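A short worksheet on the structure shown next.
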Protein chains: 2
Amino acid sequence: MNIENIRAIREFNRSYTKILKLTDKYHLNTHFTLLESRILLEIDRGVNSANQLMLLLHLDKGYLSRVLKKLTKDDLIQDARDSIDKRIKTLQLTDQGKKALEIINQRANQQVENLFANIPEEKLQSLIKDMQDITDTVKKYSQAKE
Amino acid sequence: MNIENIRAIREFNRSYTKILKLTDKYHLNTHFTLLESRILLEIDRGVNSANQLMLLLHLDKGYLSRVLKKLTKDDLIQDARDSIDKRIKTLQLTDQGKKALEIINQRANQQVENLFANIPEEKLQSLIKDMQDITDTVKKYSQAKE
DNA sequence: TAATGATGGTTGCCAAAGTCAACTATCTGG
DNA sequence: CCAGATAGTTGACTTTGGCAACCATCATTA
């Protein structure tokens, strides 16, 4: 692949990462880290055991165990033993965890608003179409295993 | 802004982040951390003082000072006092630093190749154009202070 | 059904990464 | 020259994350 193409893509990766502030420590001006946000989000989406989270987020299980312990202590999640397989801890958000996630989502929405809201409607639609095209095409052609 | 637009954009953010594997600790199979790689890259691009790096990468200056010290000890960068303002340390890559950066760049390029190389040339050109359009437009219209 | 091995999760121990505040040296504007 | 401001350093800490040993439970099979 032509070097200029690679350069352009890497430039996009860098700038878009910066735009989203993905490297900042606290996610979206909340007091949650990016990891904690992701965990709350994934539990809300139905991922409901530590082991699933481990695989999904590629985390060390010891570390994950501690992070979950902290979230439990902060009363954001609660766990119970799976009734069939007692090794498994099932996870769910507490009411407070749901509220926390709502805030995270609001902030994420706000971030998108701040970045995109001033763009003329027609242009915006075309950008969104481009975005879908990018991810669809990459997924379609990528050799990356997963 | 319409909720469906926000959803679509957030979906792009999430999936492109995943594509980049930013949630993984990617060292690109080198013995450098992501931060060290970024620092070498930025110095190579002309960022030539600790303070500039601090602002660009949003780092604590104490921490940055130590990372730079380590890179200096490893003979990847060297510093000198600015001749005009003696508070400022100017930074540059050593020959070894340049070699290290070359390896990092090769690996990063390879990562991009793995994701994009199979895409037909014409399609690829259009995606790259879209990428530029996305960042240019966001930068142009965004309210984000910086 | 007892033994064996696999699996989900916890813990202790450690190193690396990152934060914060106090400090030195230098510069800048009055 | 003095009073801030600025660039960078250092000490003392906390947090993040990795690794391996461990416990409890489950699944397989002789």
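Chain A is the first sequence line, chain B the second, and so forth, proteins listed ahead of strands; every chain is numbered from 1. Computed from a prediction, not measured in an experiment: that's the story for all the values here.
- What separates NZ of A/Lys70 from C1' of D/dT14 is a distance of 12 Å, to the nearest Å.
- Whole-Å rounding puts the A/Asn51 CG to D/dA24 C1' distance at 15 Å.
- At whole-Å resolution of the value, CG in B/Asn48 and P in D/dA7 are 13 Å apart.
- Ring geometry for B/Tyr16 against A/Tyr16 counts as perpendicular: the plane angle is over 60°, on a 0 to 90° scale with 30° as the lower cut.
- Look at NE2 on B/His31: it is 18 Å from C1' on C/dA17, rounded to the nearest Å.
- Remark: the B/Arg7 side chain and the A/Asn109 side chain contain no N/O donor-acceptor pair separated by less than 3.5 Å.
- Of the two residues contacting DNA chain D, namely A/Asp82 and A/Leu59, the nearest-nucleotide position lying further toward the 5' end is that of A/Leu59.
- With the nearest nucleotide of DNA chain D identified for both A/Ile84 and A/Leu35, A/Leu35 has the one nearer the 5' end.
- In this structure, CG of A/Leu57 is placed 12 Å from P of D/dG18, rounded to the nearest angstrom.
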So which protein N/O to nucleotides 11-16 of chain C N/O distances come out below 3.5 Å?
unit_1 : atom_1 : unit_2  : atom_2 : d
C/dT11 : OP2    : A/Lys69 : NZ     : 3.0
C/dG12 : N7     : A/Arg66 : NH1    : 3.4
C/dG12 : N7     : A/Arg66 : NH2    : 3.4
C/dG12 : O6     : A/Arg66 : NH2    : 2.3
C/dC13 : N4     : A/Arg66 : NH2    : 3.4

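- One interatomic measurement links the two molecules: CG of A/Leu68 to P of C/dG8, which rounds to 15 Å at whole-angstrom precision.
- Ion pairing between a basic and an acidic side chain is recognised when a charged N comes within 4.0 Å of a carboxylate O; B/Asp133 and A/Lys123 show such pairing.
- Taking atom CG of B/Leu71 as the reference point, atom C1' of D/dG8 lies 16 Å away to the nearest angstrom.
- Taking atom CZ on A/Arg81 and atom P on D/dT25, their separation rounds to 8 Å, with Å as the unit.
- With no hydrogens or angles considered, no side-chain donor-acceptor pair links A/Asp44 and A/Gln92 at under 3.5 Å.
- Side-chain atoms of B/Ser49 lie closest to D/dG8 of the nucleotides C/dT26, D/dG8, C/dG9.
- With distances taken from any side-chain atom of B/Arg87 to the nucleotides C/dT26, D/dT25, C/dG9, the minimum falls on C/dT26.
- The side chain to side chain contact (heavy atoms under 4.5 Å, CB included) test with A/Leu53 singles out one residue from A/Val47, A/Leu59, A/Asn48, A/Val67, and that residue is A/Val47.
- Looking at A/Gln110 and A/Gln106, their side chains never bring a donor and an acceptor atom within 3.5 Å of each other.
- Side-chain N or O atoms of B/Glu42 include none that pairs as donor or acceptor with a backbone N or O of B/Ile39 at under 3.5 Å.
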